[in-house]
Number of protein chains: 2
Amino acid sequence: MARLIVDSRESRSGLALLLASRGADVVSEELECGDYVLADGMAVERKTATDFIASILDRRVFSQLLNLKTAYPRAFIVVEGNLFGTRSMISEDALLGAMSYISVIESVPILTTSDTGQTASLLLTMQRHAIEGLGYEIALRGGKPRDRRPGAQFLVEGLPGVGPTAAKKLLLHFGSAQAVFAATPEQLRAVPGVGPKTITAIREVLDFEVRG
Amino acid sequence: MARLIVDSRESRSGLALLLASRGADVVSEELECGDYVLADGMAVERKTATDFIASILDRRVFSQLLNLKTAYPRAFIVVEGNLFGTRSMISEDALLGAMSYISVIESVPILTTSDTGQTASLLLTMQRHAIEGLGYEIALRGGKPRDRRPGAQFLVEGLPGVGPTAAKKLLLHFGSAQAVFAATPEQLRAVPGVGPKTITAIREVLDFEVRG
DNA sequence: ACTTCCGATCCTTGA
DNA sequence: TCAAGGATCGGAAGT
């Protein structure tokens with residue numbers, strides 16, 4: 001049986017035990033993203049339905065997706081439990097929108113199961129399909145180097161009054177996050193969409209004097 | 001709104017009416033395969049959960065899939081209703097196996113909804129996403145602070161490997177967010193709790209070259 | 001994800 | 001030319 005890597009944070013879950021009890025060659029590793037690596041370049045992010053919805057509301061899932069896709073060519077999401085049964089505050093449109101976004105735009109398949117036992121079966125089957133489908137098993141190795149662009153944008157979005165759009169413009173204009181933070185007010189003024197109010201707020205945060 | 005083609009056999013279904021009632025430009029055509037064409041080369045096969053399971057049992061779904069994939073580069077399956085709730089003769093393994101096969105080997109995404117209304121919403125959203133994309137950017141950061149003081153810490157926490165504790169230490173050590181971002185690796189090493197791996201990651205994000 | 005709301009930015013006007 | 005006003009865009013917060 002092929003090797004199956006479980007993220008160490010996930011390794012205490014019932015699912016990891018289940019996989020092992022079914023004869024999988026489970027090893028635990030600290031993964032930078034994803035929960036299960038089924039084959040070379042193939043990883044699964046597993047979420048309970050409640051988790052999945054929560055991670056849509058706080059946008060966590062979207063950045064995870066970005067990381068997962070850059071680290072593994074074949075990324076999957078497995079959602080455990082009934083997505084539509086959870087009493088949650090999410091609007092139906094938002095939930096369907098997220099599913100469409102993930103499938104259509106990000107091209108990451110979403111698999112669903114109803115409980116942990118099914119998830120275990122599914123992961124093992126997916127692994128078998130991946131390996132047999134390819135006709136051979138490839139040696140497992142870590143993902144390729146991480147794309148730092150989302151990180152840079154994430155950082156810049158921490159500035160007050162700066163969202164995704166302004167962050168992109170700032171990074172493009174200055175070339176790097178470092179340069180954005182080193183920019184003078186006059187230089188910032190040159191970026192369209194960044195006005196006086198925003199500039200003041202930005203400088204206040206950057207120059208704020210911290211003392212013990 | 002873009003045109004949405006419905007297979008003529010499907011056109012009398014409630015779903016087609018729903019789509020039209022929501023303002024979609026629905027036209028009926030006799031399609032070789034697939035039920036809905038959302039965009040050029042993008043089609044959806046829609047099945048109720050019961051249907052889906054039946055089509056697994058008689059293997060119909062696999063040939064349909066093959067046809068769908070050759071006719072349309074982007075093929076999707078939408079399953080309506082609870083896959084695991086139906087009292088059917090299918091074994092759990094067979095169902096999961098089929099889902100894995102479709103996702104892993106055939107690479108056809110399976111979307112699920114709980115009723116026809118949701119399917120309609122989903123199809124319209126998928127169409128929009130396919131044609132226009134999201135139309136906006138997803139903010140990578142949720143829940144920004146409003147005051148300036150936590151603002152500096154919040155900003156620094158955006159660095160990889162830096163949480164609240166490390167952010168506090170960095171700010172105390174350097175005096176301001178601006179200074180933290182200007183720090184050289186050697187200077188960063190002087191801060192307890194910030195190791196070489198973190199420093200490398202930090203510099204990579206700060207120095208990442210952004211180009212259009 | 002979607003929606004709504006609010007404030008900032010930008011652009012036009014008109015004195 | 002510039003100030004005031006209004007249209008538009010983007011960010012923030014809530015579901």
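Every chain is numbered from 1, with letters handed out A, B, ... down the list of sequences.
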*Establish, from distance only, whether the side-chain atoms of B:Ser107 and A:Arg74 form a donor-acceptor pair under 3.5 Å.*
yes
Anything under 3.5 Å between a donor and an acceptor, one on a side chain of residues 164-176 of chain A, the other on a protein residue two or more places apart or in another chain? List them.
from: A:Lys168; atom 1: NZ; to: B:Glu137; atom 2: OE1; distance (Å): 3.0
from: A:Lys168; atom 1: NZ; to: B:Glu137; atom 2: OE2; distance (Å): 2.8
from: A:Ser176; atom 1: OG; to: A:Ala179; atom 2: N; distance (Å): 3.1

_What does the B/S/- profile of nucleotides 9-15 of chain D look like, 5' to 3', with a 4.0 Å heavy-atom cutoff to protein?_
-SSSSBB
*Are the charged groups of A:Glu80 and A:Lys47 less than 4.0 angstrom apart, N to O?*
no
*Rounded to the nearest angstrom, tell me the gap between atom NZ in A:Lys197 and atom P in C:dT9.*
7 Å
*Salt bridge present between A:Glu157 and B:Arg141 (N-O < 4.0 angstrom)*: no
*Is there a donor in the side chain of A:Thr86 and an acceptor in the side chain of A:Thr50, or the other way round, less than 3.5 Å apart?*
no
*Which letter, B, S or -, goes with each nucleotide of nucleotides 2-8 of chain D from 5' to 3', with contact meaning a protein heavy atom under 4.0 Å?*
-------
*Given atom CG of B:Leu124 and atom C1' of C:dC2, what is their separation to the nearest angstrom?*
15 Å
*Answer yes when B:Asp35 and B:Arg46 have at least one side-chain N-carboxylate O distance shorter than 4.0 Å, and no when they do not.*
no
_Of A:Val194 and A:Phe62, the one whose closest DNA chain C nucleotide lies more 5'_ = A:Phe62
*asked:* Here's a test of your reading of the structure: between B:His129 and A:Val191, which maps to the more 5' nucleotide of DNA chain C?
replied: B:His129
*Using a heavy-atom cut-off of under 4.0 Å over every strand shown, decide if A:Thr198 touches base, sugar-phosphate, or nothing.*
sugar-phosphate
*Would you tell me whether B:Gln64 and B:Lys69 have side-chain atoms, one donor and one acceptor, within less than 3.5 Å of each other?*
no
_Does B:Arg128 reach a base, just sugar-phosphate, or nothing at all? Heavy atoms under 4.0 Å._
sugar-phosphate
_Just by distance, no angles: are the side chains of B:Ser8 and B:Ser28 close enough, under 3.5 Å, to form a donor-acceptor pair?_
no
